[in-house]
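Here the structure is a predicted model, which means the values were calculated and not measured.
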Amino acid sequence: QVQLVESGGGLVQAGGSLRLSCAASGRAFSSTNAMGWFRQAPGKEREFVVAIRWSGHTYYTDSVKGRFTISRDNAKNTVFLQMNSLKPEDTAVYFCAAGPMVVTHLRGDYWGQGTQVTVSS
């Protein structure tokens, strides 16, 4: 069984910053899995945000490039998402995911429970 536990969501004003964390555990979890984040805003489909391979190679959706930074601690199976210059359109539930990369797409074999990020204007 694999668990992904997220933390760090909250309410922030536009232009502010938040830092999300996601820790993976479980005997079935391979540290070579890519890890990343998806988000889902009210009334919208879940969308890919960012992912990072075990090697450190990263993938970002265009709307967050230059504002969000993903990093990981392989020894602790933990991934971090630093979100700066937040905009109201970043408001969503953010889900941590882990699994293999399929070309540039993170296949979410494992999912966290989600953490709310709300950006006020």
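The two residues Gln116 and Val93 have their closest heavy-atom pair at OE1-CG2, 3.3 Å. Of all heavy-atom pairs between Arg72 and Ile52, the closest is NH1-O, 3.2 Å. Listed here is the closest heavy atom pair of Tyr94 and Met83: CE2-SD, 4.0 Å. In terms of heavy-atom proximity, Ala14 sits nearest to Ser121 at CB-CA, 4.4 Å. When all heavy atoms of Thr91 and Ala41 are compared, the pair lying nearest together is O-CB, 3.6 Å. The two residues Met35 and Asn77 have their closest heavy-atom pair at CE-O, 3.9 Å.
Checking Tyr60, Phe80, Tyr59 one by one against Ile70, the side chain to side chain contact (heavy atoms under 4.5 Å, CB included) holds for a single residue, Tyr60.
Atom CZ of residue Arg39 and atom CD of residue Glu47 lie 4.5 Å apart, to the nearest 0.5 angstrom. Taken from CD in Gln82 to OG1 in Thr69, the straight-line distance is 7.0 Å, to the nearest 0.5 Å. Considering CZ of Arg19 and CG of Asn84, their distance stands at 10.5 Å, rounded to 0.5 Å. Of the inter-residue distances, the one linking Arg67 atom CZ with Leu86 atom CG reads 6.5 Å to the nearest 0.5 angstrom.
Contact annotation: the side chain of Leu18 never approaches that of Val119 to less than 4.5 Å [non-hydrogen atoms, C-beta and beyond]. Trp37 places a side-chain heavy atom less than 4.5 Å from the side chain of Val50.
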May I have the list of side-chain donor-acceptor pairs in residues 97-110 shorter than 3.5 Å, sequence neighbours left out?
| residue | atom | partner | partner atom | Å |
| --- | --- | --- | --- | --- |
| Arg107 | NE | Asp109 | OD1 | 2.9 |
| Arg107 | NH2 | Asp109 | OD2 | 3.0 |

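A salt bridge is defined here as a Lys NZ or Arg NE, NH1 or NH2 lying under 4.0 Å from an Asp or Glu carboxylate O, and Asp90 with Lys87 fails to meet this definition.
For the pair Asp73 (side chain) and Val79 (backbone), a donor-acceptor distance under 3.5 Å is absent. Between the side chain of Thr78 and the backbone N or O of Lys76, at least one donor-acceptor pair lies under 3.5 Å.
Hydrophobic clustering of Ile, Leu, Val, Met, Phe, Trp and Tyr side chains at less than 4.5 Å, counting indirect connections, keeps Val2 apart from Phe95.
A disulfide (SG to SG under 2.5 Å) check over residues 88-121, counting only residues at least two apart or in different chains, returns the pairs Cys22-Cys96.
Side-chain contact, Ser31 with Asn74: no donor N or O sits under 3.5 Å from an acceptor N or O.
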